[in-house]
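All remarks here apply to the structure that follows.
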Amino acid sequence: ACTSTNDEYGASFVLSQKLGGYEVYGRRITVSTDSSGNVTYLTTNYQPYRSVQNSISISEEDAISSLKTKYEENTVNFENKGTVIYSSDEYEDKPIYVYKIEVSSLQYNDDNNNTALVDEIVFVDAETGNFIDSESNICLDTSVRGEGTDELGNMRFFDIEKINNYYYM
């Protein structure tokens, strides 16, 4: 899949990596051009994968059921966002099929019986139903204004979050 954006300074084209018809989560190639259409910048974290290390053996419902014990019954919503290939961290050299599931709730009780918010993307192994990883969509600390120069030398402003003295986009 390719998405593009453009403004008076040029355009950016983002191509998501796929393997066997499935998106390789987080892997992409980005090409930026100036206003004349000349390529000015190329970034990529593409990996030349040829195969996936597991199979899709469980259903979406089974994947969601495997999460219900982790989040207990207080979690309001589990929504499957599709099957993708996961290749981060220890899976970089051996990518696997996962269900990408959005988990959200106003509150739930965690393992220590503390009340917490949850809004995250969870990755569940599509063969075993095991929890693989999660990415939080919650920023609870300070929102600040960031600035930086883009690949064409133009100053850009954007919102960032400061959490425990670290900055996140």
Side-chain angles (χ1 to χ4, degrees), residues 1-5 12-32 42-143 146 158-164 166-169:
C2 179
T3 59
S4 64
T5 58
S12 290
F13 303 91
V14 179
L15 297 100
S16 298
Q17 183 174 347
K18 291 197 170 209
L19 177 63
Y22 292 93
E23 174 191 354
V24 181
Y25 182 78
R27 301 283 179 189
R28 64 184 59 87
I29 299 170
T30 304
V31 178
S32 298
L42 172 71
T43 59
T44 183
N45 62 355
Y46 173 88
Q47 290 288 336
Y49 297 126
R50 301 261 185 255
S51 64
V52 180
Q53 301 298 312
N54 67 346
S55 61
I56 301 171
S57 301
I58 65 168
S59 69
E60 167 190 332
E61 293 79 17
D62 289 340
I64 290 172
S65 290
S66 74
L67 291 177
K68 287 186 178 177
T69 56
K70 177 175 174 47
Y71 295 99
E72 299 182 8
E73 294 302 317
N74 296 327
T75 301
V76 179
N77 189 31
F78 294 93
E79 183 179 346
N80 185 22
K81 295 295 188 174
T83 306
V84 298
I85 297 170
Y86 186 83
S87 65
S88 294
D89 302 324
E90 69 264 27
Y91 299 97
E92 185 169 6
D93 294 330
K94 51 183 185 190
I96 62 171
Y97 290 111
V98 295
Y99 287 104
K100 179 180 164 186
I101 299 170
E102 183 175 53
V103 180
S104 59
S105 175
L106 294 177
Q107 65 182 21
Y108 81 105
N109 292 326
D110 66 12
D111 294 335
N112 298 319
N113 210 28
N114 297 315
T115 300
L117 299 173
V118 63
D119 182 6
E120 58 191 9
I121 298 296
V122 177
F123 301 96
V124 176
D125 188 313
E127 183 174 58
T128 65
N130 292 336
F131 172 87
I132 299 297
D133 198 6
S134 65
E135 295 179 358
S136 178
N137 294 324
I138 297 175
C139 291
L140 297 175
D141 213 335
T142 307
S143 180
F158 46 88
D159 293 325
I160 58 176
E161 301 291 328
K162 182 179 180 186
I163 302 172
N164 296 327
Y166 292 95
Y167 293 93
Y168 299 91
M169 292 179 68

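Nothing fancy with the numbering, it's 1 onward along the sequence. Here the structure is a predicted model, which means the values were calculated and not measured.
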What are the two closest heavy atoms between Asn45 and Gly26, and how far apart are they? ND2-O, 2.9 Å
Could you state the interatomic distance from OG1 (Thr83) to CD1 (Ile101), rounded to the nearest 0.5 Å? 9.0 Å
Going from CG on Asn80 to NZ on Lys100, what distance comes out if it is rounded to the nearest 0.5 angstrom? 10.0 Å
Quick one: side-chain contact (heavy atoms from CB on, under 4.5 Å) partners of Ile58, sequence neighbours excluded? Asp62, Ala63, Tyr99
Show the atom names and distances, to 0.1 Å, of all donor-acceptor pairs under 3.5 Å that link a side chain in residues 14-23 to residues at least two apart or in another chain.
| from | atom 1 | to | atom 2 | distance (Å) |
| --- | --- | --- | --- | --- |
| Gln17 | OE1 | Gln47 | N | 3.1 |
| Gln17 | NE2 | Gln47 | O | 2.5 |

For Tyr25, enumerate each residue passing the side chain to side chain donor-acceptor pair (under 3.5 Å) test, keeping only those at least two apart in sequence or located in another chain. Glu135
Show me the pairs that pass salt bridge (Lys or Arg N to Asp or Glu O under 4.0 Å) and involve residues 43-60, at least two apart or across chains. none
With sequence neighbours excluded, tell me which residues meet side chain to side chain donor-acceptor pair (under 3.5 Å) with Glu61. Ser59
Donor-acceptor contacts, no H, no angles, side chain residues 122-133, under 3.5 Å, sequence neighbours left out:
| from | atom 1 | to | atom 2 | distance (Å) |
| --- | --- | --- | --- | --- |
| Asp125 | OD1 | Asn54 | ND2 | 3.0 |
| Asp125 | OD1 | Glu127 | N | 2.7 |
| Asp125 | OD1 | Thr128 | N | 3.2 |
| Glu127 | OE2 | Ser55 | OG | 3.0 |
| Thr128 | OG1 | Asn130 | N | 3.1 |
| Thr128 | OG1 | Asn130 | ND2 | 3.1 |
| Asp133 | OD2 | Tyr86 | OH | 2.5 |

Which residues pass the side chain to side chain donor-acceptor pair (under 3.5 Å) test with Ser66, sequence neighbours left out? none
Going by the rule salt bridge (charged side-chain N to carboxylate O under 4.0 Å, His left out), which residues pair with Arg28 if we only count those two or more places apart in sequence or in a different chain? none
In short, Pro95 meets Val52 closest at the heavy-atom pair O-CG1, 3.4 Å
Going by heavy atoms in the side chains, are Phe78 and Lys68 under 4.5 Å from each other? yes
Mind checking the CG-OG spacing from Asp119 to Ser136? Nearest 0.5 Å is all I need. 7.0 Å
Set of salt bridge (charged side-chain N to carboxylate O under 4.0 Å, His left out) partners for Glu102, sequence neighbours left out: Lys81
Salt bridge (Lys or Arg N to Asp or Glu O under 4.0 Å) contacts touching residues 84-95 (sequence neighbours left out): Arg27-Glu92
